[in-house]
Number of protein chains: 2
Amino acid sequence: MAKAALAAKAPEERRERILRATIAVVRERGFAGARVTDIAVEAGTSQGLVLYHFGSLAGAFAASLTLLEDEFYEELERNLSEVVGPVPRLRHIAELGAGHGPAVGDWRLWLELWVRAIRDDDARAARESLDTRWRGALRQVVDEGLAAGVFAASDPKASVLRLAALMDGLAIQLALADPGMTTGKFTELWWKSAVLELGISPVNATPGSQGGPKKN
Amino acid sequence: MAKAALAAKAPEERRERILRATIAVVRERGFAGARVTDIAVEAGTSQGLVLYHFGSLAGAFAASLTLLEDEFYEELERNLSEVVGPVPRLRHIAELGAGHGPAVGDWRLWLELWVRAIRDDDARAARESLDTRWRGALRQVVDEGLAAGVFAASDPKASVLRLAALMDGLAIQLALADPGMTTGKFTELWWKSAVLELGISPVNATPGSQGGPKKN
DNA sequence: GCCTAACCTGAATGACCGTTCAAGAACCTC
DNA sequence: GAGGTTCTTGAACGGTCATTCAGGTTAGGC
């Protein structure tokens, strides 16, 4: 019985292991450089199995995207639930981009996804969904702050769009290790914009005011 | 004599034609999908010649990047010189991203370059140089406005960084045809940020105040 | 008008890599 | 525990390129 249960799970576990391997390889080599063999080796199985489960390399890519989506969402939720109150949450978001959390902070993977989304429908859908969720989370924090009276925004939707886009733009420079861009700068540049955009008062805007002691 | 001059130029012209073809093909199919044959066909020559001039496909990519750089810079200069005064110039920049000018507005090509820059040194250098120039141009406009007293910025460098990054971030959505993102929205979202970031007074901030009649 | 060097071509080469396949292992059902 | 289904493997296949090459063409120097 125990053996049976274990066995029943094994194929499913293997499948997932392959999906994770796919993501890892894409992260490492990009979509363009990811080979079936790389994935098989990374997952500790054979090429054959990768194709057995997903039909083709493209199939493996597509399937790995939905895993990515799920994990991104889950991690985002977990991350934001750690912190309470609109200002600290927003600050937390500012710091999220700087590399907290493997899925969220993985900007190079994001770049890969964007480019793939130009020509691949699965990637396009995944990226769109990911982005929508991400903006939704940001929007939620903004609404909280608005309701609490600590944020002010005449057009919250536009503000969210801008803040999300700014983060992507800064992320490019972080991902490409632009000289002069660091995680610290990333956080502060974005935070300053958020303060400006949402009319956060200087009293609340100090990073140290609600978080632990921090030196940026 | 005339014949000689023409002949002397022919190989060089062909070379350049190949470089332009390379850019065109990358734009169309991406770096990952660009084949030597595609380039040869696009340029109206043979595969052999592409390799003869550039040694390898990667060589053709690299060489085409420097052409891209030059043309980008040239076009940027030309574009900005068309308009006089800091506010109209900044407004012009806001509209630049929305597709004016083939090199500047070509956001998909930009995405391709970013991803290639993750792993290719030539692309990395090209992208960095391109970005530096771009930020420099923006910085120049900002400084003009500061000197004229129509802009206010406590940290111009940071403002430029943010405005440049915001444009990249918005560009991603434009490039990927995100539902709800249009060239008009792109321009207005960026412009609003610029107004906020640079403390442009509402009197100056109205798009129509210095340009032709416009409805956004 | 030859000679040499630069240009140019497209067919041949060979490596790489996705996919197929034949065979076997594992395991569930009855 | 026999039969059948699901999983798993790795070798073999075949197609797709980048690159090489052998052989032209062109043109400028002499």
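None of these values were measured; they are calculated from a predicted model. Naming: A, B, ... by sequence-line order, numbering from 1 per chain.
- Look at OH on Y52(B): it is 7 Å from P on dC8(C), rounded to the nearest Å.
- Between the CG atom of L57(A) and the P atom of dG15(D) there is a distance of 19 Å, given to the nearest Å.
- Looking at S129(B) and E69(B), their side chains do bring a donor and an acceptor atom within 3.5 Å of each other.
- Per the geometry, CD belonging to Q47(A) stands 13 Å off P belonging to dT20(C), to the nearest Å.
- With rounding to whole Å, L51(A) atom CG is found 12 Å from dT9(D) atom C1'.
- Contacts of residues 32-46 of chain A with DNA chain C (heavy atom under 4.0 Å): A34(A), R35(A), V36(A).
- When the P atom of dA18(D) is taken as reference, atom CZ of F31(B) falls 14 Å away, rounded to whole Å.
- If you check the side chains of E95(A) and T187(A), you find no donor sitting under 3.5 Å from an acceptor.
- Under the 3.5 Å distance criterion, the side-chain polar atoms of R133(B) are left unmatched by any main-chain donor or acceptor of Y73(B).
- Going from atom CD of E12(A) over to atom P of dC28(C) covers 15 Å, rounded to whole Å.
- No salt bridge links R20(B) with E13(B); every basic N to acidic carboxylate O contact stays at or beyond 4.0 Å.
- The CZ atom of F54(A) sits 16 Å away from the C1' atom of dT19(C) (whole-angstrom rounding).
- The nearest whole Å value for the distance from the CZ atom in R14(A) to the P atom in dC27(C) is 11 Å.
- No salt bridge links K185(B) with D178(B); every basic N to acidic carboxylate O contact stays at or beyond 4.0 Å.
- An OP1 or OP2 oxygen of dC8(C) is reached within less than 4.0 angstrom by a side-chain nitrogen or oxygen of H53(B).
- Ion pairing of R127(A) with D120(A) is absent here, as no side-chain N (NZ or NE/NH1/NH2) approaches a carboxylate O to less than 4.0 Å.
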